[in-house]
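Worksheet for the structure shown next.
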Amino acid sequence: MSSVLSCKHCTPCSILCGVGGAGAYSDGTLNLRPDIGGNLADLTGDNESAWELVDYVDRIYLKYGAPQKAYSATGADAEMLKRRAASAGARFIDIKQRHIGSDNSTVLISCMKKDLESMGVSFLLESKVKDILGDEGACKGVLLDNRAIHSRYTLLAPGRVGYEWVNGLVNRHSINYSYSGVDIGVRVEVSSIIMDPVTRINHDPKFHIYTRRYDDFVRTFCTNEHGFVVKEEYEGFVATNGHSMHSNESENTNFAFLVHVELTRPMENTIKYAKSVAKLATTIGGGKPVLQRLGDLKRGRRSTHEHISRNPVINTLKDVTPGDISMAMPHRIVMDIIEGLEVLSKIIPGVDSDCTLLYAPEVKFYSLKIEVDSTMQTNIYNLFVAGDGAGLSRDLINSSATGILAARGILSRMQNG
């Protein structure tokens with residue numbers, strides 16, 4: 001996907017759907033830790049097994065073309081970032097990472113697909129799964145638009161775009177679940193020279209911050225060094241994301257800056273809440289993401305086309321509406337973003353400059369978290385789940401790992417009759 005192509009408004013979205021799902025066009029960063037993007041130890045039962053699973057998944061990615069080079073903040077560099085973060089009241093999370101790149105991710109996914117097809121796996125692309133076939137508390141297969149597919153074991157891994165489909169499924173079939181939190185925020189874009197000293201140490205640095213006023217958890221996520229901001233289209237609203245490539249670079253670096261939201265009575269449905277925020281932002285933006293200079297946000301004024309045109313940082317996503325993020329997002333989240341960036345600037349000087357660009361909304365939907373046993377089986381017999389769509393992961397490594405656990409669970413069931 002080229003950064004200069006305009007959105008074609010595909011139905012369904014070609015960035016979020018298809019072989020590889022949203023991960024196929026992601027930045028392709030592999031976070032090689034079991035406690036980033038989920039918590040595998042909760043599923044495996046202990047930390048040692050969780051780390052072994054991460055290593056196993058990593059070897060699979062390497063087999064299909066992931067780069068041998070891994071990034072990790074070590075020695076004096078890591079100590080410096082940890083010290084700088086601690087002095088600002090934040091935390092730097094050291095992670096060993098591989099960067100596949102958005103341009104190489106699709107190649108890697110294609111190699112996986114071809115290998116699976118050579119082993120007899122069929123891909124029914126552009127087929128819609130309407131429901132599962134249930135009978136007396138057991139799953140017997142799935143129902144498509146035009147036919148039923150019967151199976152002894154069924155694995156559901158609908159991906160991030162399938163979060164709403166999962167919501168309907170659990171209600172129809174009384175599948176046990178709990179609500180997860182949701183992350184709402186912005187995509188931040190700065191000149192790469194601001195971020196280079198940190199991204200040279202750690203490709204996708206993770207900083208965890210608790211804000212002064214509300215004590216809310218804010219974090220950096222999905223840093224795209226010399227990358228591009230992109231638009232995602234969901235049903236009824238748009239959102240932003242970012243990617244970076246090895247073959248094409250910009251002069252900017254972008255990252256998600258996310259506020260974690262948990263809800264209790266009387267409104268526990270975090271997905272519904274996040275969608276309402278995203279829809280309001282989409283309305284304010286006239287169907288496009290809202291773009292604002294940080295300096296304008298701090299001064300309580302909207303950004304205009306004139307402000308953006310003379311801004312030192314040139315926006316890489318052009319299909320936007322200059323405006324006022326505070327008109328589109330709750331006051332608490334806006335204040336968390338402003339305060340969080342002030343803390344982050346003590347670690348990365350210049351990140352809270354007036355010319356820093358903010359794109360809204362950036363929303364990370366984590367589906368209802370389906371309750372599973374150690375084999376990833378639900379309370380519906382022979383129905384297994386995996387990945388982001390089941391609320392069990394939030395990144396490539398954890399998503400892949402839950403798929404491995406489900407596959408092992410199914411194999412164990414087959415071997416034991």
Worksheet item: Is a side-chain N or O of Asp373 found less than 3.5 angstrom from the main chain of Gln377, in a donor-acceptor match?
Response: yes

Worksheet entry | Side chains of Asp216 and Thr211, donor plus acceptor under 3.5 Å | no

Worksheet item: Rounded to the nearest 0.5 Å, how far does CG of Leu358 lie from CE of Met329?
Response: 10.0 Å

Discussion item. Between Ser244 and His99, do the side chains contain a donor N or O and an acceptor N or O under 3.5 Å apart?
Written reply: yes

Worksheet entry | Salt bridge Arg200-Asp77, side-chain N to carboxylate O under 4.0 Å | no

Worksheet item: Is there a donor-acceptor pair closer than 3.5 Å between any side-chain N or O of Ser303 and the backbone N or O of Arg293?
Response: yes

Worksheet item: Should we say atom CD of Glu251 is surrounded by more than 12 heavy atoms from elsewhere, each under 6.0 Å from it?
Response: no

Worksheet item: If we only count heavy atoms from C-beta on, is the Leu344 to Phe257 side-chain gap below 4.5 Å?
Response: yes

Worksheet item: Looking only at heavy atoms, which two atoms of Pro205 and Thr220 are closest? And how far apart?
Response: O-OG1, 3.0 Å

Discussion item. Can you give me the closest heavy-atom contact between Val238 and Gly287, atom names plus distance?
Written reply: CG1-O, 3.6 Å

Discussion item. Can you confirm whether more than 12 heavy atoms, excluding those of Arg91, are under 6.0 Å from its CZ atom?
Written reply: no

Worksheet entry | Polar side-chain atom of Arg33 near backbone of Lys96 as donor-acceptor pair, under 3.5 Å | no

Worksheet item: Are any non-hydrogen side-chain atoms of Lys206 and Arg219 less than 4.5 angstrom apart?
Response: no

Practice prompt. Verify the distance criterion only: is there a donor paired with an acceptor across the side chains of Asn252 and Thr316 at less than 3.5 Å?
Written response: no

Fill in: Backbone of Asn176 reached by a side-chain donor or acceptor of Asn379 within 3.5 Å
yes

Item to complete: Hey, can you tell me if Tyr177 and Tyr179 have their rings parallel, tilted or perpendicular (30° and 60° cut-offs)?
Response: perpendicular

Discussion item. On a heavy-atom basis, which atom in Ile370 and which in Leu392 lie closest, and how many Å separate them?
Written reply: O-CD2, 3.6 Å

Worksheet entry | Atom pair NE2/CD1 of His260 and Ile333 - distance to nearest 0.5 Å | 11.5 Å

Worksheet item: Do Leu43 and Leu405 have side-chain heavy atoms sitting under 4.5 Å apart?
Response: yes

Worksheet entry | Thr240 side chain to Ala360 backbone, donor-acceptor under 3.5 Å | no

Item to complete: Mark yes when over 12 heavy atoms from residues, nucleotides or ligands other than Arg408 sit less than 6.0 Å from its CZ; otherwise mark no.
Response: yes

Fill in: Arg84 side chain vs Ile347 backbone, donor-acceptor pair below 3.5 Å
yes

Fill in: Crowding at CD, Glu48 (>12 non-hydrogen neighbours, <6.0 Å)
no

Discussion item. Side chain to side chain donor-acceptor pair (under 3.5 Å) for Thr154 and Ser151? Distances and angles first, verdict last.
Written reply: CA-CA 6 Å; Thr154 302; Ser151 60; 2.9 Å; yes

Worksheet item: Where is the tightest heavy-atom contact between Ala66 and Ile100, given as atom of each residue plus distance?
Response: CB-CG1, 4.3 Å

Worksheet, complete the sentence: In terms of heavy-atom contacts, Asn47 and Ala41 come closest through OD1-CB, 3.4 Å

Worksheet item: Would a distance-only check, ignoring hydrogens and angles, find a side-chain to backbone donor-acceptor pair under 3.5 Å from Glu249 to His226?
Response: no

Practice prompt. Given side chain to side chain contact (heavy atoms under 4.5 Å, CB included), test Val351 with Phe255 step by step and report yes or no.
Written response: CA-CA 11 Å; Val351 80; Phe255 59 90; 3.8 Å; yes

Discussion item. With a 4.5 Å cut-off on side-chain heavy atoms, are Phe384 and Leu155 touching?
Written reply: yes

Practice prompt. Answer yes or no: is there a donor N or O on one side and an acceptor on the other, between the side chain of Ser127 and the main chain of Leu124, under 3.5 Å?
Written response: yes

Worksheet entry | Shortest non-hydrogen contact between Ala401 and Leu53, atoms and distance | CB-CD2, 3.6 Å

Item to complete: Could you walk me through whether Thr253 and Ser192 pass the side chain to side chain donor-acceptor pair (under 3.5 Å) test, one step at a time?
Response: CA-CA 5 Å; Thr253 291; Ser192 290; 3.0 Å; yes

Discussion item. I need the Asn202 CG to Phe207 CZ distance, nearest 0.5 Å.
Written reply: 8.0 Å

Discussion item. Less than 4.0 angstrom from a charged side-chain N to a carboxylate O is my criterion; do Glu164 and Lys275 meet it?
Written reply: yes

Practice prompt. Before accepting this row, confirm whether a basic side-chain N of the pair Glu362/Lys364 lies closer than 4.0 Å to the acidic partner's carboxylate O.
Written response: yes

Worksheet item: For atom NZ of Lys128, is the number of surrounding heavy atoms from other residues, nucleotides or ligands below 6.0 Å larger than 12?
Response: no

Discussion item. Could you measure the distance from the CD1 atom of Ile337 to the CG atom of Asp352? Nearest 0.5 Å is fine.
Written reply: 13.5 Å

Item to complete: Hey, could you give me the CG/CD distance between Asn241 and Glu232, rounded to the nearest 0.5 Å?
Response: 4.0 Å

Fill in: Salt bridge flag under 4.0 Å for residues Asp115 and Lys113
no

Fill in: Main-chain N/O of Gly285 paired to Thr321 side chain as donor or acceptor, under 3.5 Å
yes

Item to complete: Using the side chain to side chain donor-acceptor pair (under 3.5 Å) rule, take Arg413 and Asn382 through it: C-alpha gap first, then chi angles, then the decisive distance, then the call.
Response: CA-CA 9 Å; Arg413 179 68 55 79; Asn382 285 344; 2.8 Å; yes

Fill in: Geometric class of the Phe217/Tyr210 ring pair [parallel <30°, tilted 30-60°, perpendicular >60°]
tilted

Atom pairs and distances, donor-acceptor, side-chain atoms in residues 55-63, under 3.5 Å, two or more places apart:
{"unit_1": "Asp58", "atom_1": "OD1", "unit_2": "Arg98", "atom_2": "NE", "d": "2.8"}
{"unit_1": "Asp58", "atom_1": "OD2", "unit_2": "Arg98", "atom_2": "NE", "d": "3.4"}
{"unit_1": "Asp58", "atom_1": "OD2", "unit_2": "Arg98", "atom_2": "NH2", "d": "2.9"}
{"unit_1": "Tyr61", "atom_1": "OH", "unit_2": "Ser400", "atom_2": "OG", "d": "2.8"}

Practice prompt. Using side chain to side chain donor-acceptor pair (under 3.5 Å) as the criterion, point out the one residue from Arg394, Gln97, His203 that pairs with Asn31.
Written response: Gln97

Worksheet item: Relative to each other, are the rings of Phe228 and His243 parallel, tilted or perpendicular (30° and 60° limits)?
Response: perpendicular

Discussion item. Between Val170 and Thr378, is there a side-chain heavy-atom distance shorter than 4.5 Å?
Written reply: no

Discussion item. Looking at Arg187 and Glu189, is there a salt bridge between them, counting it only when a charged N and a carboxylate O are closer than 4.0 Å?
Written reply: no

Practice prompt. Mark yes when over 12 heavy atoms from residues, nucleotides or ligands other than Met327 sit less than 6.0 Å from its CE; otherwise mark no.
Written response: no

Discussion item. Donor-acceptor check, side chain of Asp296 to backbone of Gln292, threshold 3.5 angstrom: yes or no?
Written reply: no

Worksheet item: Can you tell if the side chain of Val129 reaches within under 4.5 Å of the side chain of Leu144, non-hydrogen atoms only?
Response: yes

